[in-house]
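Got a structure for you, questions after.
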There are 2 protein chains.
Amino acid sequence: MGLTKTEIFNDQQNEIASFAKVIGHPARVAILQQLFKIDTCHCGDLVSEIGLAQPTISQHLKELKQIGLIKGNVEGTSVCYCIDAVNWAKMKNIMLQFLNQDLPKIDDCC
Amino acid sequence: MGLTKTEIFNDQQNEIASFAKVIGHPARVAILQQLFKIDTCHCGDLVSEIGLAQPTISQHLKELKQIGLIKGNVEGTSVCYCIDAVNWAKMKNIMLQFLNQDLPKIDDCC
DNA sequence: TTTATTAATTGCAATATTACGATTAATATT
DNA sequence: AATATTAATCGTAATATTGCAATTAATAAA
């Protein structure tokens, strides 16, 4: 009924899905790539770089911050965003573990 | 307005987001893990294993099949699903490239 | 041919997401 | 104090997602 039944899955499954979900929008992929490229930047920079309205970018930044992949420092009237290295590494390990599962020996079904 | 502006992003960004989006639900994570664990299985097995209704599992299988991560073989009245090894490897490479981006030298913002 | 089994499809309700205009909040500058 | 700058928040419209009951489709078994 429109809401995910998280309670029937284990913590690992929910965590993998949560991280993947946040990465599952091209605007957030673009924001993360830009932060990797230029280390730090402001919301306004991302607005002009990406081409979505300021409230939209702000909303995507909020989601990235909420899950811990980025952090923001207030600098006067501006806010400086950057990758949260520790949490990025944590997320990366969780995703790598999932992606690196051993493929079955037999390539085809049944 | 409710729809992602894919046209303002490049192919790589859209592809990363598409793969991540499909993995961004715990039921699909669970389905993939189960297929890795037991190599092949039927829709009914996943229904009893995961605990969602049959139409719901069927819908998730459809999404996984649509993006190419799994394939299904018809076997009488049953369908045998398995990981699509080639496409899984392709997806993995795309995601690894994104996850392995070099972290900035300075850990903190600005 | 009738019945059983299995999975896809349809239709629907509830909720979530995406995007943006308008406004607000907070700080700088004049 | 008045004004400018920057980003967050609010409100809203459009669309997407999640989940399931009911049904349908397809094959197997009797």
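Letters go in sequence order (proteins before strands), and every chain restarts at 1. Values below: every heavy atom of this structure, side chains too, minus hydrogens, waters and symmetry copies.
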> Is A:Gln97 atom CD crowded by more than 12 heavy atoms from other residues, nucleotides or ligands, each under 6.0 Å away?
Replying inline: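 Counting other residues, nucleotides and ligands, CD of A:Gln97 stays at 12 neighbours or fewer.
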> When the nearest nucleotide of DNA chain C is assigned to B:Gln54 and to B:Thr6 on a heavy-atom basis, which residue is associated with the more 5' position?
Replying inline: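 Upstream on the strand: B:Gln54.
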> Separation of B:Gln59 atom CD from D:dA21 atom C1', in whole Å?
Replying inline: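 Whole-Å distance recorded here is 13 Å.
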> Atom CD1 of B:Ile8 and atom P of C:dC20: how far apart are they, to the nearest Å?
Replying inline: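 In whole Å, C:dC20 P and B:Ile8 CD1 are 8 Å from each other.
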> Mapping A:Lys65 and A:Thr4 onto DNA chain D by nearest heavy atom, which one lands closer to the 5' end?
Replying inline: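 The answer here is A:Lys65.
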> Between A:Val79 and A:Lys21, which has a closest nucleotide on DNA chain D that is more 5'?
Replying inline: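 Its nearest nucleotide being more 5', the pick is A:Val79.
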>> Under 4.0 Å, heavy atoms only, any strand: does A:Ser58 hit a base, just the sugar-phosphate, or nothing?
In response: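 Base: the residue A:Ser58, judged by heavy atoms under 4.0 Å, touches a nucleobase.
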> Between A:Phe19 and A:Trp88, does the ring centroid distance fall short of 6.0 Å?
Replying inline: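 Distance test on ring centres: not under 6.0 Å, no.
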> To the nearest angstrom, how far is B:Leu46 atom CG from D:dC20 atom P?
Replying inline: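 Between P of D:dC20 and CG of B:Leu46: 15 Å.
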> Which is true for A:Leu52 with a 4.0 Å heavy-atom rule: it touches a base, it touches only sugar-phosphate, or it touches nothing?
Replying inline: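 It contacts sugar-phosphate atoms only.
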>> On the nucleotide D:dG19, are OP1 or OP2 found under 4.0 Å from the side-chain N or O atoms that B:His60 carries?
In response: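 Answer yes for this pair, as a side-chain N or O of B:His60 is under 4.0 Å from OP1 or OP2.
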> Counting side-chain heavy atoms from C-beta on, which of C:dA7, D:dC20, D:dA7 comes nearest to A:Cys43?
Replying inline: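 Ranking C:dA7, D:dC20, D:dA7 by closest atom to the A:Cys43 side chain puts D:dA7 first.
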> Rounded to the nearest Å, what distance is computed from the NZ atom of residue B:Lys5 to the C1' atom of nucleotide D:dT15?
Replying inline: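 Atom NZ in B:Lys5 sits about 14 Å away from atom C1' in D:dT15.
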> When the distance from NE2 of B:His25 to P of D:dA16 is rounded to whole Å, what number comes out?
Replying inline: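 That distance rounds to 17 Å.
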> Across all strands shown, which nucleotide pairs with D:dC20 by Watson-Crick or G-U wobble geometry, both distances under 3.5 Å?
Replying inline: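 Across any shown strand, D:dC20 pairs with C:dG11.
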> Phosphate oxygens OP1/OP2 of C:dA7: is one of them under 4.0 Å from a side-chain N or O of B:His42?
Replying inline: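 Yes, B:His42 has a side-chain N/O under 4.0 Å of OP1/OP2 on C:dA7.
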> Quick one: A:Ile50 CD1 to D:dA7 P, roughly how many Å, whole number?
Replying inline: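 Going from CD1 in A:Ile50 over to P in D:dA7 covers 13 Å.
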> A:Asn100 and B:Lys92: side-chain donor and acceptor closer than 3.5 Å?
Replying inline: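 There is such a pair between these side chains.
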> Side chains of B:Thr4 and A:His25: does their closest heavy-atom pair fall under 4.5 Å?
Replying inline: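 Result yes, sub-4.5 Å side-chain heavy-atom pair found.
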>> Expressed as a whole number of angstroms, how long is the span from B:Ile23:CD1 to D:dT17:C1'?
In response: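 Atom CD1 in B:Ile23 sits about 17 Å away from atom C1' in D:dT17.
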> So what does B:Thr56 touch, heavy atoms closer than 4.0 Å: a base, only the sugar-phosphate, or nothing?
Replying inline: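 Result for B:Thr56 = base.
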> With no hydrogens and no angle check, do the side chains of A:Gln33 and B:Gln101 hold a donor and an acceptor under 3.5 Å apart?
Replying inline: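 A:Gln33 vs B:Gln101: no donor-acceptor pair found between side chains.
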> For B:Glu75 and D:dT27, what is the distance between atoms CD and P respectively, to the nearest whole Å?
Replying inline: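 Nearest whole value for this atom pair: 14 Å.
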> Closest to the B:Ser78 side chain: C:dT18, C:dA7, D:dT27?
Replying inline: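 Looking only at side-chain atoms, B:Ser78 lies closest to C:dA7.
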